[in-house]
Visitor: 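Below is the structure I would like to discuss, written out as structure tokens.
In what follows, chains are A, B, ... by sequence order, proteins preceding strands, each numbered from 1.
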Number of protein chains: 2
Amino acid sequence: MSEGVEWALHTCLNLTWIEDGRPVPAAVLADYFKLPPAYLNKQLQALARSGIVSSVSGPRGGFQLARDPRKITVLDVVVAIEGPEDAFQCAQILRDAPDGEPGIDYRETCVISQVMRKAELLWRAELAARTLADVKATVESRFPGTPNETRQGLRSRRA
Amino acid sequence: MSEGVEWALHTCLNLTWIEDGRPVPAAVLADYFKLPPAYLNKQLQALARSGIVSSVSGPRGGFQLARDPRKITVLDVVVAIEGPEDAFQCAQILRDAPDGEPGIDYRETCVISQVMRKAELLWRAELAARTLADVKATVESRFPGTPNETRQGLRSRRA
DNA sequence: GTCATTCTACTCGGATAACGTGTGTCCGAGTGTCGTCGG
DNA sequence: CCGACGACACTCGGACACACGTTATCCGAGTAGAATGAC
């Protein structure tokens with residue numbers, strides 16, 4: 001799985017702690033984790049295309065969450081970066097088997113494909129059940145200092 | 001996910017229908033699905049290293065299942081091809097955050113890492129609960145002709 | 001006829017290339033802000 | 001003093017290189033079996 005997923009999740013989580021409506025530049029978000037600014041920018045663009053964050057150009061511009069953290073699931077972020085396709089892609093090799101028929105959609109018929117798909121469904125369901133608000137709340141209950149630390153850390157960087 | 005996983009799963013499933021103890025050459029297994037023989041051979045080597053199949057060299061050689069299909073899970077095959085690492089690799093970027101401490105293992109502490117790991121755990125558990133024998137039985141109940149067709153298809157190819 | 005021996009052909013196994021996707025970087029388009037100038 | 005205008009600086013957005021992992025291929029080591037010849 002792409003490393004950008006981790007970056008995107010942590011960055012979105014950081015954005016949940018920004019309460020003034022001001023957007024945060026990609027360079028600031030990147031510097032917080034010592035990440036390559038231009039590349040994080042690229043990931044943020046993907047999040048923007050998926051409607052998870054909204055971007056504003058120009059001075060005082062940057063990124064902010066596009067909607068309530070309770071309406072953003074972890075799966076949303078993963079899909080925005082990784083794409084909507086399943087990890088296991090059934091290439092339907094049964095079609096090339098001796099008794100394979102070209103008309104059949106083996107992605108539905110093939111038992112192996114079904115097993116893999118059910119497993120991925122569980123994975124997706126678990127990630128879809130966790131919202132950014134859930135994660136935020138869990139972090140705050142375990143590490144009460146994090147919200148202020150994050151706010152301070154970002155504020156000092158955007159001067 | 002690597003395409004070799006699909007090849008390996010279907011090939012192992014085909015091997016469950018071989019009942020005489022004779023091994024089947026990689027070239028025969030590959031031709032059954034019109035796959036590149038040398039490349040399937042490579043995947044079979046990975047399965048052999050993991051102890052899922054056993055290989056015998058020379059004439060009349062080939063591959064055969066190394067143990068009872070009831071003792072081979074779908075996850076075993078996936079891990080043999082893809083490797084044991086999780087798809088989501090926590091790079092511990094929290095260490096580079098302003099208040100990150102190098103001594104902490106954030107793979108355990110980080111909430112995001114925990115969420116991702118739990119989801120993958122469900123995925124793995126589902127695949128670990130399905131054995132090759134289960135898959136074989138399901139296929140046989142839905143398509144009773146498959147065992148004989150597969151045996152015939154492979155027999156005609158190994159002459 | 002039987003056995004040992006040699007030869008052959010077959011199969012795996014790892015070393016070696018080609019391709020594609022993810023990783024990383026750069027510069028241009030657009031925009032808000034600040035300073036300046038005129039009224 | 002106030003407002004409009006212009007230049008500037010900042011930010012995103014997409015286009016452009018690089019690297020690594022997957023995909024694919026080939027040839028050599030080893031081995032079982034068949035053929036051959038001697039006894």
Visitor: I'd like a table of donor-acceptor pairs (distance under 3.5 Å, sequence neighbours excluded) in which one partner is a side-chain atom from residues 84-91 of chain B, with atom names and distances.
Guide:
unit_1: B:D86; atom_1: OD1; unit_2: B:R124; atom_2: NH1; d: 3.3

Visitor: Side-chain N or O of A:Q45 versus OP1/OP2 of D:dG14: is the shortest distance under 4.0 Å?
Guide: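 Result: yes.
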Visitor: Among D:dA15, D:dT25, C:dT33, which nucleotide has an atom closest to any side-chain atom of B:A38?
Guide: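 Out of D:dA15, D:dT25, C:dT33, the nucleotide with an atom closest to B:A38's side chain is D:dT25.
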Visitor: Applying the 4.5 Å side-chain criterion to the ILVMFWY set and letting contacts propagate, would A:I112 and A:L121 be lumped into a single cluster?
Guide: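 No: no chain of side-chain contacts under 4.5 Å links A:I112 to A:L121.
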Visitor: Side chain of A:Y39 only, heavy atoms from C-beta on: which candidate in C:dG24, D:dG14, D:dT25 is closest?
Guide: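 Nearest nucleotide to the side chain: C:dG24.
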Visitor: So B:I52 and B:V77, do their side chains get closer than 4.5 Å, heavy atoms only?
Guide: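 A side-chain contact exists here, since the closest heavy-atom pair is under 4.5 Å.
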Visitor: Respond yes when some side-chain nitrogen or oxygen of B:S55 is under 4.0 Å from OP1 or OP2 of C:dG13, and no when none is.
Guide: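 For C:dG13, OP1/OP2 do have a side-chain N/O of B:S55 under 4.0 Å.
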Visitor: To the nearest Å, give me how far apart CG (A:L44) and P (D:dT11) are.
Guide: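 In whole Å, D:dT11 P and A:L44 CG are 14 Å from each other.
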Visitor: At under 4.0 Å between heavy atoms, what does A:A27 touch on the DNA or RNA strands: base, sugar-phosphate, or nothing?
Guide: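 Result for A:A27 = nothing.
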Visitor: Considering residues at least two apart in sequence or located in another chain, which fulfil the salt bridge (Lys or Arg N to Asp or Glu O under 4.0 Å) criterion with A:R49?
Guide: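 Partners of A:R49 under the salt bridge (Lys or Arg N to Asp or Glu O under 4.0 Å) test: none.
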Visitor: The side chain of A:P25 lies closest to which of these nucleotides: C:dT31, D:dT11, D:dT23?
Guide: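 Between C:dT31, D:dT11, D:dT23, the one nearest the side chain of A:P25 would be D:dT11.
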Visitor: Salt bridge or not for A:R95 and A:E101, using N-O below 4.0 Å?
Guide: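 Looking at A:R95 and A:E101, the cut-off is not met.
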Visitor: Please state whether the phosphate of D:dA34, meaning OP1 or OP2, lies under 4.0 angstrom from any side-chain nitrogen or oxygen of B:R60.
Guide: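 No, because none of the side-chain N or O atoms of B:R60 sits under 4.0 Å from OP1 or OP2 of D:dA34.
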Visitor: Could you please name the option among D:dC10, C:dG24, D:dT23 that lies closest to any side-chain atom of B:K42?
Guide: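 Of D:dC10, C:dG24, D:dT23, D:dT23 is nearest to the side chain of B:K42.
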Visitor: Please determine if a side-chain N or O atom of B:R22 lies less than 4.0 Å away from the OP1 or OP2 oxygen of D:dA32.
Guide: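 No.
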Visitor: Could you list by number each residue of residues 3-18 of chain B showing a heavy-atom separation from DNA chain D of less than 4.0 Å, or answer none if no residue does?
Guide: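 The answer is B:E3, B:W7.
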Visitor: Considering only D:dG13, C:dG32, C:dT16, which nucleotide approaches the side chain of A:N41 most closely?
Guide: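 In terms of side-chain proximity for A:N41, the closest of D:dG13, C:dG32, C:dT16 is D:dG13.
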Visitor: Taking a hydrophobic cluster as the set of Ile, Leu, Val, Met, Phe, Trp and Tyr residues connected by side-chain heavy atoms closer than 4.5 Å, whether directly or through intermediates, do A:V56 and A:L40 fall within one such cluster?
Guide: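 As far as the 4.5 Å side-chain criterion goes, A:L40 and A:V56 are not connected within one cluster.
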Visitor: Side-chain N or O of A:S2 less than 4.0 angstrom from OP1 or OP2 on C:dT23?
Guide: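 For C:dT23, OP1 or OP2 has a side-chain N or O of A:S2 closer than 4.0 Å.
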Visitor: Rounded to the nearest angstrom, tell me the gap between atom CE in A:M1 and atom C1' in C:dT23.
Guide: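 The distance from CE of A:M1 to C1' of C:dT23 comes to 17 Å, rounded to the nearest Å.
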Visitor: Between A:D76 and A:R67, is there a side-chain N and carboxylate O pair less than 4.0 Å apart?
Guide: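 The answer is yes: the pair qualifies as a salt bridge.
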